[in-house]
Structures are given as structure tokens and as C-alpha cells.
Amino acid sequence: MEGTVVAMNENTLQKGLKTRHMSMIAIGGVIGAGLFVGSGAVIHSTGPGAILSYILAGAMVVVVMRMLGEMAAAHPASGSFAEYAREAIGPWAGFTIGWLYWFFWVVVVAIEATAGAGIIQYWLPDVPLWFTCLVLTVLLTLTNVYSVKSFGEFEYWFSMIKVVSIIVFLLMGAAVIFGLIPGHGAGFSNLTAHGGFMPKGPGSILLGVVVVIFSFMGTEIVTIAAAESAQPQKAISQATNSVIWRILIFYVGSIAVVVTLLPWDSASILKSPYVAVLEKIGVPAAAQIMNFIVLTAVLSCLNSGLYTCSRMLYALAQKGDAPKSFLTLNRKGVPVRTILASTFFGYIAVVMNYVSPDKVFLFLVNSSGAVALLVYLVICFSQLRMRYRLEKENPEQIKIKMWLFPYLTYVTIAVILVILGSMAFIESMRSQLYLTLLIAVIVIGIYFLFNPKKANVGQKQHQQTKA
């Protein structure tokens, strides 16, 4: 099966991703460096109630993934939700969300490369950060360029390390909580002993949801990778069906262990909650172990980011929204030029982090901050329209069904709009919302300004399809 290819318009992408690759990409896609590091800030600003923040944010992601799974199972495409937005809303929507998503991951590549270099400097303090950034980016670019199978294999093992680490962490934490380890017996007092379960009030829980929601970005990568899987429908079905327990175990479970074992207002939580827990348990070299795990999470995100950028750029090129030269594939069916282009812009962003960290790089980070919510919103509207169309034209294509359709879809749209609106009133997130909306307006303007004929033709075709 590994040598077969799948037709994609005039081009072919290799079906090199096996079921085990897809399963681990789906599982590991949930676990990012944000869980190991960023969760400390959420707990510190929310208290033990952070558990509820993760549950509520996770519930929304589960519902959005179900919608995306319904569309992806009916029509696997390398452009995933950008392709569905094009079909359901209009060509301008596919163009806009595709380029915004590509931009988001280019910035993520820069952030993760910098973070990875910083972790490695912990062991190699004399090596310059810019050099380590370059080395990490080049190495993972090569894994993506070689073949989609090599990307899948690296991601499989990166994800395996993350998954095993979280499971061991949960087992050790549970053993301490329930007094199964001699000399330990933490109990559940920390959940209420320091100002109660919600020491900063119910409002902090909702504030936590706004912050946490961005940690889940990456769950959708499996639907993009499905186009290069030998069994796309099976892979998507497994991923969407398992997203509930993945979020419950990896995020909610591990956060519950942290806030149960440590006081939420502890300084060590803000610094590194997982290191603090390991040190409390008495694990030797806790900081070294966690540094290795976080580095793995960072490399996994960097690997996935380069893959995702390249496939979205390839999908845009297929529709004429990016240069046709990006459609060139190597003999193994890999879009090398889109990978190299994404790597180039990713490294330019890394350079900006050193040349102008407080202006250019900060602008890049903030302007991509709310892209996740825009993607989720577009997925909701696309699913709403595509479902009605499929029920009318090809009901047999609906392999995975959205729950409580259309009511739950409408509720999710309302929740996302509320979260976006809330960002305008949160000082630390206001700039992210406004700059992301500004970039989105610019991208839409570019589409209609430089493609007026295409925009008119595309809109007419879209209207005819709806009719």
C-alpha cells in the first residue's frame, strides 16, 4: 500500500501514511508544549477551577472536530476545511481561511523553533540560539521533504513519547493522591483549601476558556493528513470518535493531578507545573526529564507545522490561489516547493524574533492569535451548509454524523462568537483579536482586488451549486 498514490486533480500525493501513523498523529496532535508549560498560567489565574475551563474548551473542540470529521469523511481533501469553506461558503472563504491558516502555522514554526533552541541551550549553553533554530528547522524540513512516510514516522515516535509521558505522569499522580506510594498521601485538600475551588470567581473560569481554547489547535491536522492516508475515512472516523477521551485523559486528567497535588497559588506552578509535581513526588532529575518531554512536544509541533503549512499551500495552489509552481511534486509524491517555501518564511519569522522581537515578531504572533477561532467558526458554517446539501444530493456520503444537527452547530457558532467578543474586553488578548481581524480583512481585500474576474466567476458557480 505504501507505494500507491491518490489522485488530486492533475497531481498525485503519496498515500504513505499508515493507520498507526494517523492514529498517533490524532492522539499526539492534542498534546502540545502549551499543556506542559502554558497550563501553569491558566491554573494561576483560575485556581482549581481550571479543570472546568479545560472541560468547557475541550467540549467545544470535540464538537468542532465532529463537524470537521463529518465533512472530511464525506470528502477527504488536502485542503481540509479551506476546501470545505470554498465549496460551502464561497471561493473567497476558502482563499481567506487557507492563507490565514498557513500564516498561523508559519508563525508557530518560528515560535516552536525558538522554544526548542531555548530548551537545547539548557544542555548546550555555548551554542547560539539562532544556530540551533536553523538546525532544528532544517532537520525537520528534511524529514518532510524525504517522504510523507518519514513525516508520519517521526510524528509517530514524537507522539508516542508524549503519550507515554502523560500516562506515566497520571499514574504516578494518582498513586500519590490515593496514598499508594509509601510516605505520600496528598488527598484532595488542595482543591478547596486555598480560597475554594473557584478562588477568583466563576468569571475566571470563562476567562480560562478563552485562554485554553488556543491550546487545542492541532487536533484538526489529522483531517488534512487524511488525504495522504490509505484509508482516509477510517482514520478520520477513529480520530473524531476518540477526541473525547483524548482531551479528557491528556488535558483534563493531567490538570486535575496538578491542582490536586499542588496549591494553585504556588510559585512553582507558574514556573513549570509538571516539574513541580515530579519534584513533589521525588522523581530524580525532574527538570531534566520534563525538559526532554517538552522538547519532544516542541519538535512534534514543529514537524507538524511544516507539514501542515506545505499541504495547505499545495491545496491553495490547486485552486489557483497560490503560484502553480507549488504543485510540483518529487518522485515520492511530496510537494517539496511548498515545504521549502513554508520553511523559508518560518525562518524569516525566527530572524524577526531576534531583529525586532518587540515590534515585527510581536505583530506576527498577535496577528495570528485568533486564527484558531476563525477556523472553528468557518468549520461550523461550512458544516451547516454542506450537511444540508449532502442530505439533499448524496445522503449516502454522510459516514459520520454531527450530533443534534443543526441545533448543536448553531450553539457552537454562538459560543465562538461570544469568545471572540470576550477577547475585546481582555487586555492581554485585545490586540490579538484586532490584529487577526485586520489581517483577515487584508487577505479578503487581496482576493477581491487581485482576482476580480475569478471572484465573480467563483461566486456565480457557488450560487449555482447552492441552487
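All values reported here derive from a predicted model rather than from experimental measurement.
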Sequence neighbours excluded, which residues qualify as ring-ring contact (aromatic ring centres under 6.0 Å, His included) partners of [X]?
X	answer
Tyr347	none
Tyr376	none
Phe104	none
Tyr388	Phe405

When you measure from the side chain of [X] to the backbone of [Y], do you find a donor-acceptor pair of N or O atoms at a distance under 3.5 Å?
X	Y	value
Trp105	Leu306	no
Ser215	Val212	yes
Gln121	Ile119	no
Ser356	Val360	yes
Asn190	Leu261	yes
Tyr447	Ala93	no
His75	Ala72	no

Taking atom types as modelled, find out whether [X] and [Y] have a side-chain donor-acceptor pair closer than 3.5 angstrom.
X	Y	answer
Ser80	Thr223	yes
Thr141	Thr343	yes
Gln383	Thr409	yes

*When you look at Phe250 and Trp245, which way does the side chain to side chain contact (heavy atoms under 4.5 Å, CB included) test go after all the steps?*
CA-CA 8 Å; Phe250 299 129; Trp245 66 259; 4.2 Å; yes

[X]: what forms a side-chain contact (heavy atoms from CB on, under 4.5 Å) with it, not counting sequence neighbours?
X	value
Val62	Val243, Ile244, Ile247, Trp403
Ile446	Phe95, Ile442, Phe450
Tyr407	none

*So does Asp265 pair up with Lys200, basic N to acidic O under 4.0 Å?*
no

*asked:* Just to verify, what does Arg387 make a salt bridge (charged side-chain N to carboxylate O under 4.0 Å, His left out) with, not counting sequence neighbours?
replied: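 For Arg387, the residues satisfying salt bridge (charged side-chain N to carboxylate O under 4.0 Å, His left out) (neighbours in sequence not counted) are Glu70, Glu391.
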
*Taking only residues two or more places apart in sequence, or in another chain, which ones meet Glu153 in a salt bridge (charged side-chain N to carboxylate O under 4.0 Å, His left out)?*
Arg20

*Between Tyr354 and Phe361, does the ring centre distance come in under 6.0 Å?*
no

*What side chain to side chain donor-acceptor pair (under 3.5 Å) pairs are there with at least one residue in residues 288-299, not counting sequence neighbours?*
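Output for this query lists Trp123-Gln288.
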
*How would you list all residue pairs meeting side chain to side chain donor-acceptor pair (under 3.5 Å) that involve residues 410-420, not counting sequence neighbours?*
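Pairs touching residues 410-420 that pass the test: none.
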
*Can you pull the ring pair (Phe, Tyr, Trp, His ring centres under 6.0 Å) pairs that have at least one residue in residues 150-177, sequence neighbours excluded?*
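Pairs touching residues 150-177 that pass the test: Phe151-Tyr307, Phe169-Tyr274.
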
